[in-house]
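Take a look at the structure set out below.
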Amino acid sequence: MKTLKELCAQIDIQELHGNVDVPVSDICYDTRKPVVSGCVFVAIPGTKMDGHDYIDQAIDAGAVAIVCEQLPKELRPGVTYVRVGSAYYAIAHMSEAYFGNPSKAVKLVGVTGTNGKTTTATLLFSFFRSQGLHTLLLSTVENKIDDEVFPASQTTPDPYDISRMLALAVERGVTHAVMEVSSHAVHQLRVSGIHFTGALFTNITHDHLDYHGTFEEYARAKKMFFDMLSDDAFALSNRDDKQGEWMLKNTPAKKYFYSINDEADFKGRTASSTLTGLELVVNNAPLHVPLIGAFNAYNTLVVYGALVLLGFGEEDVRTGLSSLTPPRGRLEFVQSASGVFGVVDFAHTPDAVENVLNPLRGVTQGKVITVIGCGGDRDPFKRPIMGNLAHDMSDYCVFTSDNPRSEDPIAILEAVTDRLPDDGTWEIVADRRLAIERAVSMAHSGDIVLLAGKGHEDYREIKGGKHHFSDLEELKRVFSR
């Protein structure tokens, strides 16, 4: 059992009352979960609930120490109080110390960016597994230790859960790990206690403005990830992105770049793109990957560069990447008996929609029929932009409900289609199941039906509840008829 002093070794303590040599049984921080007797309770200020309001309740349940940003008016005898500048920062470093600093025991790669995080992380994980390495994956789609799957509820878990999963992975012999790092997680300092071997930047476009407020703040949150790296890490960034070089401006890590349009440490170009995959030239040598689209050329490049920087030979990297498959819900193909191609993709930002529709238009002579919507309680400014993009780049669009959450689905769809011409090339079918059926009914052999926005998700969020719904399942059901 560790002491509070050991857990707080990396924290700037602003005020202390009590004994820091007290043994601590666990770290508790979530007011929705039971407090463990003998624990230290970290009071985290949240948007809906503030942990400071539950300090006395935690002590009554057995907490022996409190870490908080504001001390209570009355301090209880026999309890140690530690005031810190940031409870988020504190719990991140305390969690790593509690679990024995597991991030330092593995080669951990963090992936950040607006689009491509999941594909990049999954390709890295798949490559490590193909080399016979025990590997941990923390991603939007799922968390995995080798072949065992653990449910993923958010892109980047809480600090305690990150360190707990890393510790479990180390216990099981894991040597390599990959983590998607969201802007929320960086802004909330969830990864501030983690030691990364390398960090990758894919790209940045407008997203999550409901949380960050402005694009500048969103970009700044991404950049914070690279600023907090150690000097023994590497940072690999997309030179073709407008923010690519700026992302690495102040990082202590060793800097590397990949590019298709400019000179870089890892230089690539697309020779051809078909439904069977991409033919690339990377650092003057050919490479085939079973992925399609220009954006997957970038995903392949960043994965290639990361693997080389991790010490893998370039020939082994080429061989390994050529046999990998795309992650679930990312340009996932299904073909009907009548020759219609169905594609399921997570594209839920304007940039992602464009990046998916561009390659699909380039690999078919038939029509592209798109089923798409926008999630509720998220950035409302992108709704008409996505509607226009889908309309302009598709032969026909069926606009439908996505994850409406607390909003009215019809109001969302009206915003999505607000600027569209009345030209007979689109319609609204609010029921997503019926929208998929409608799109497939219009398709003929050689046509592509794209279901965009939900990808790997097997649920819909409506009025605070999650209801089972899978685009892929629905597509297969309609095709089977």
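Both backbone and side-chain heavy atoms feed into the values below; hydrogens, waters and symmetry mates do not.
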Do [X] and [Y] have side chains that get closer than 4.5 Å, going by heavy atoms?
| X | Y | result |
| --- | --- | --- |
| Leu136 | Val178 | no |
| Leu360 | Thr364 | no |
| Val181 | Phe196 | yes |
| Tyr298 | Asn355 | no |
| Lys107 | Thr175 | no |
| Phe150 | Leu168 | yes |
| Ile448 | Arg361 | no |
| Ser126 | Thr122 | yes |

Drop me the distance from [X]'s [atom1] to [Y]'s [atom2], to the nearest 0.5 angstrom.
| X | Y | atom1 | atom2 | result |
| --- | --- | --- | --- | --- |
| Leu278 | Leu280 | CG | CG | 5.0 Å |
| Asn388 | Met393 | CG | CE | 12.5 Å |
| Tyr256 | Arg239 | OH | CZ | 13.0 Å |

Shortest non-hydrogen contact between Ser163 and Phe99, atoms and distance: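 Scanning both residues, the minimum pair turns out to be CB-CD1, 3.7 Å.
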Nearest heavy-atom neighbours spanning Gly375 and Ile412: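 Looking at all heavy atoms of both residues, the closest pair is C-CD1, 4.3 Å.
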Residues Glu314 and Arg318 bridged, charged N to O under 4.0 Å: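 Looking at Arg318 together with Glu314, the answer is yes, because their closest N to O distance falls below 4.0 Å.
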Sidechain N-carboxylate O distance under 4.0 Å for Asp379, Lys382: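 No, no charged N to carboxylate O under 4.0 Å.
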Aromatic plane relationship, Phe128 with His176 - under 30° parallel, 30 to 60° tilted, over 60° perpendicular: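 Tilted, since the angle between the ring planes falls between 30° and 60°.
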Mutual orientation of the aromatic rings belonging to Phe399 and Trp426 [parallel < 30°, tilted 30-60°, perpendicular > 60°]: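 Rings of Phe399 and Trp426: perpendicular, as their planes differ by over 60°.
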Heavy atoms of other groups near Asn284 CG, more than 12 under 6.0 Å: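 No, because the 6.0 Å sphere around CG of Asn284 holds 12 heavy atoms or fewer from other groups.
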Residue list, salt bridge (Lys or Arg N to Asp or Glu O under 4.0 Å) with Glu473, at least two apart or on another chain: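 In terms of salt bridge (Lys or Arg N to Asp or Glu O under 4.0 Å), with neighbours along the sequence ignored, Glu473 is linked to no residue.
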Under 3.5 Å, is there a donor-acceptor pair between the side chain of [X] and the main chain of [Y]?
| X | Y | result |
| --- | --- | --- |
| Asp345 | Gly455 | no |
| Thr417 | Leu420 | no |
| Thr400 | Ala430 | yes |
| His348 | Phe346 | yes |
| Asp395 | Val368 | yes |
| Lys255 | Leu248 | yes |

Partner set under side chain to side chain contact (heavy atoms under 4.5 Å, CB included) for Ala105, not counting sequence neighbours: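 Once residues adjacent in sequence are excluded, the partners of Ala105 under the side chain to side chain contact (heavy atoms under 4.5 Å, CB included) criterion are Val170.
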Determine which pairs satisfy salt bridge (Lys or Arg N to Asp or Glu O under 4.0 Å) with at least one residue from [range], sequence neighbours left out, and list them in order.
| range | value |
| --- | --- |
| residues 265-274 | none |
| residues 401-419 | Arg383-Glu407, Arg405-Glu461 |
| residues 123-141 | Arg129-Asp146, Arg129-Asp147 |

Asn403 vs Glu457, side-chain hydrogen bond (donor to acceptor under 3.5 Å, both in side chains): CA-CA, chis, key distance, verdict: CA-CA 10 Å; Asn403 288 321; Glu457 293 180 348; 3.1 Å; yes
Side-chain donor-acceptor pair present, [X], [Y], cut-off under 3.5 Å:
| X | Y | answer |
| --- | --- | --- |
| Asn238 | Gln243 | no |
| Thr118 | Glu180 | yes |
| Asn261 | Ser259 | no |
| Arg460 | His468 | no |
| Lys222 | Ser183 | no |
| Asn115 | Asp351 | yes |

Step through it carefully: locate the ring centre of [X], locate the ring centre of [Y], and say whether they are under 6.0 Å apart.
| X | Y | result |
| --- | --- | --- |
| Tyr459 | His467 | no |
| Phe225 | Phe201 | no |
| Tyr258 | Tyr304 | no |

Verdict with reasoning, Arg330 to His456, per side-chain hydrogen bond (donor to acceptor under 3.5 Å, both in side chains): CA-CA 7 Å; Arg330 265 62 178 180; His456 63 281; 2.7 Å; yes
So, using side chain to side chain donor-acceptor pair (under 3.5 Å) as the criterion, who are the partners of [X] when residues are at least two apart?
| X | answer |
| --- | --- |
| Ser394 | Thr370 |
| Ser103 | Glu96 |
| Ser323 | none |

side-chain hydrogen bond (donor to acceptor under 3.5 Å, both in side chains) evaluation trace for Tyr218 with Thr114: CA-CA 10 Å; Tyr218 174 47; Thr114 304; 2.8 Å; yes
Residues that Tyr396 engages under ring pair (Phe, Tyr, Trp, His ring centres under 6.0 Å), provided they are two or more places apart: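 Ring pair (Phe, Tyr, Trp, His ring centres under 6.0 Å) check on Tyr396 returns nothing, list empty.
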Sequence-distant partners of Tyr89, ring pair (Phe, Tyr, Trp, His ring centres under 6.0 Å), two or more places apart: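 Counting only residues at least two positions away or on another chain, Tyr89 forms a ring pair (Phe, Tyr, Trp, His ring centres under 6.0 Å) with His93.
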Less than 3.5 Å apart, which donor and acceptor atoms pair up between the side chains of residues 431-439 and the rest of the protein, not counting sequence neighbours?
{"unit_1": "Asp431", "atom_1": "OD1", "unit_2": "Arg433", "atom_2": "N", "d": "2.9"}
{"unit_1": "Asp431", "atom_1": "OD1", "unit_2": "Leu434", "atom_2": "N", "d": "3.2"}
{"unit_1": "Arg432", "atom_1": "NE", "unit_2": "Asp471", "atom_2": "OD1", "d": "2.9"}
{"unit_1": "Arg432", "atom_1": "NH1", "unit_2": "Ser401", "atom_2": "O", "d": "2.9"}
{"unit_1": "Arg432", "atom_1": "NH2", "unit_2": "Ala452", "atom_2": "O", "d": "3.1"}
{"unit_1": "Arg432", "atom_1": "NH2", "unit_2": "Asp471", "atom_2": "OD2", "d": "2.8"}
{"unit_1": "Arg433", "atom_1": "NE", "unit_2": "Glu474", "atom_2": "OE1", "d": "3.1"}
{"unit_1": "Arg433", "atom_1": "NE", "unit_2": "Glu474", "atom_2": "OE2", "d": "3.3"}
{"unit_1": "Arg433", "atom_1": "NH2", "unit_2": "Glu474", "atom_2": "OE2", "d": "3.2"}
{"unit_1": "Glu437", "atom_1": "OE2", "unit_2": "Arg477", "atom_2": "NH1", "d": "3.4"}
{"unit_1": "Glu437", "atom_1": "OE2", "unit_2": "Arg477", "atom_2": "NH2", "d": "2.9"}
{"unit_1": "Arg438", "atom_1": "NE", "unit_2": "Glu427", "atom_2": "OE1", "d": "3.4"}
{"unit_1": "Arg438", "atom_1": "NE", "unit_2": "Glu427", "atom_2": "OE2", "d": "2.8"}
{"unit_1": "Arg438", "atom_1": "NH2", "unit_2": "Glu427", "atom_2": "OE2", "d": "3.1"}

Show me, pair by pair, the donor-acceptor contacts under 3.5 angstrom made by side chains of residues 335-343, not counting sequence neighbours?
{"unit_1": "Ser336", "atom_1": "OG", "unit_2": "Ser338", "atom_2": "N", "d": "3.3"}
{"unit_1": "Ser336", "atom_1": "OG", "unit_2": "Ser338", "atom_2": "OG", "d": "3.0"}
{"unit_1": "Ser336", "atom_1": "OG", "unit_2": "Gly339", "atom_2": "N", "d": "3.4"}
{"unit_1": "Ser336", "atom_1": "OG", "unit_2": "Val340", "atom_2": "N", "d": "3.0"}

